[in-house]
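Please read the structure below before turning to the comments.
Count residues from 1 along the sequence.
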Amino acid sequence: MGLKEFFAALCNVPSVAELARQVAQCSYGAVRESVGAHVLAYTRAEARGYVRAKAGSVVRAEARLLAGRHPSLSSTRLDSVINLASDRVVQSVLADLNRERARRSLPRAA
């Protein structure tokens with residue numbers, strides 16, 4: 001590979017933020033399903049830790065698939081993608097749980 005091809009390949013690799021967004025989007029459904037509704041009874045801190053623990057293996061599996069599609073992705077960048085994607089998934093699932101918790105606590109109309 002010549003220098004020109006190297007830089008062309010380098011420019012075609014999406015940013016860490018874009019890759020993390022893709023991994024988080026692909027991971028969200030599996031993480032949300034694995035968490036379940038029982039988490040609604042947890043405190044916010046407990047729920048955050050529980051969701052983060054559930055998200056870890058799912059995000060890493062999605063990141064491995066991503067690494068297969070982008071062989072030029074370094075292990076350092078892949079670690080950054082995993083960390084950022086994990087944060088995104090946790091925030092998204094917690095926001096979803098908070099909405100569900102709020103919906104359940106609203107009084108119902110007679």
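The two residues Ala63 and Ile82 come nearest to each other via the heavy atoms CB-CG1, 3.5 Å. The minimum heavy-atom distance linking Val90 with Arg48 is given by the pair CG1-CG, 4.1 Å. In this structure, Pro14 and Arg77 approach most closely via the heavy-atom pair O-NH2, 3.0 Å. Smallest separation of non-hydrogen atoms from Glu62 and Ser27: CG-OG, 3.3 Å. When every heavy atom of Ala85 is checked against every heavy atom of Ala24, the shortest pair comes out as O-CB, 3.9 Å. Looking at every heavy atom in both residues, Ala17 comes nearest to Leu84 through CA-CD2, 3.8 Å.
With respect to Val16, the side-chain contact (heavy atoms from CB on, under 4.5 Å) criterion is satisfied by exactly one of Leu73, Val81, Leu78: Val81.
Judged by distance alone, with hydrogens and angles left aside, the side-chain atoms of Asn83 form a donor-acceptor pair with the main-chain N or O of Asp79 at under 3.5 Å. Remark: side-chain polar atoms of Glu46 are paired, donor with acceptor, to backbone N or O of Thr43 under 3.5 angstrom.
Of the charged side-chain nitrogens involved, at least one lies within less than 4.0 Å of a carboxylate oxygen, so that Glu100 and Arg32 count as a salt-bridged pair.
Taken from CG in Leu40 to CZ in Arg103, the straight-line distance is 9.5 Å, to the nearest 0.5 Å.
With contacts defined as side-chain heavy-atom distances shorter than 4.5 Å, the pair His38/Tyr50 qualifies. Residues Leu65 and Val23 are not in side-chain contact: their nearest non-hydrogen atoms beyond the backbone lie 4.5 Å or more apart. No side-chain heavy atom of Tyr28 sits less than 4.5 Å from a side-chain heavy atom of Val58. Using a 4.5 Å cut-off on side-chain heavy atoms (C-beta onward), Asp87 and Arg52 make contact.
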